[in-house]
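Positions are given from 1, in the same order as the sequence printed here. Nothing here was measured: the structure is a model prediction, and the numbers come from that model. The basis for the numbers below is simple: all heavy atoms, side chains too, and nothing from hydrogens, waters or symmetry mates.
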Amino acid sequence: GIFNMNILQSYFLVIGILIGVGLPFFVYGFILPSAIDQSHIDTALDYVILDADSESQWAAIPGIKNIDDVKQYYLFECLNPEEVAVAGAVPKMNEVGPFKYLY
């Protein structure tokens with residue numbers, strides 16, 4: 001029976017139980033939440049930009065639905081930050097956007 005095992009068999013039994021119990025906790029605790037978070041981020045990005053594909057989704061938002069309430073923002077990234085910080089060079093800027101938000 002189970003009590004007639006030698007040390008090596010007992011060791012493998014304990015390891016098997018730990019893996020059998022620990023692996024599901026690892027999957028549900030670490031891997032699954034990150035996969036769910038990524039799917040939420042991907043879904044959120046689909047809803048953020050107002051375009052022809054997402055216009056019906058924006059129409060479901062309660063309140064005034066006026067196309068004039070779409071705000072566009074542009075950001076600028078510095079392409080040579082080291083030269084600007086160290087040598088005082090003129091920054092080379094790149095326009096990023098527009099980022100559109102419905103207000």
Give every donor-acceptor pair under 3.5 Å between a side-chain atom in residues 85-95 and any protein atom, sequence neighbours left out.
{"unit_1": "Asn94", "atom_1": "ND2", "unit_2": "Glu77", "atom_2": "OE2", "d": "2.9"}

Review point. Would a hydrophobic clustering, with Ile, Leu, Val, Met, Phe, Trp and Tyr connected at side-chain separations under 4.5 Å, put Tyr73 with Phe76?
Key: no
Revision key, fill the gap. The remaining residues in the hydrophobic cluster of Tyr74, counting side-chain heavy-atom contacts under 4.5 Å among Ile, Leu, Val, Met, Phe, Trp and Tyr, are none
Check your understanding: Transitive ILVMFWY cluster of Val84 at side-chain heavy atoms under 4.5 Å: who else is in it?
Key -> none
Exercise for review: Identify whether Val14 and Leu23 are in the same connected component of the hydrophobic contact network (ILVMFWY, side-chain heavy atoms under 4.5 Å).
Suggested key: no
Practice item. Check which hydrophobic residues are tied to Leu8 through side-chain heavy-atom contacts below 4.5 Å, counting indirect links as well, and list them. Key: Tyr11, Phe12, Ile15, Ile19
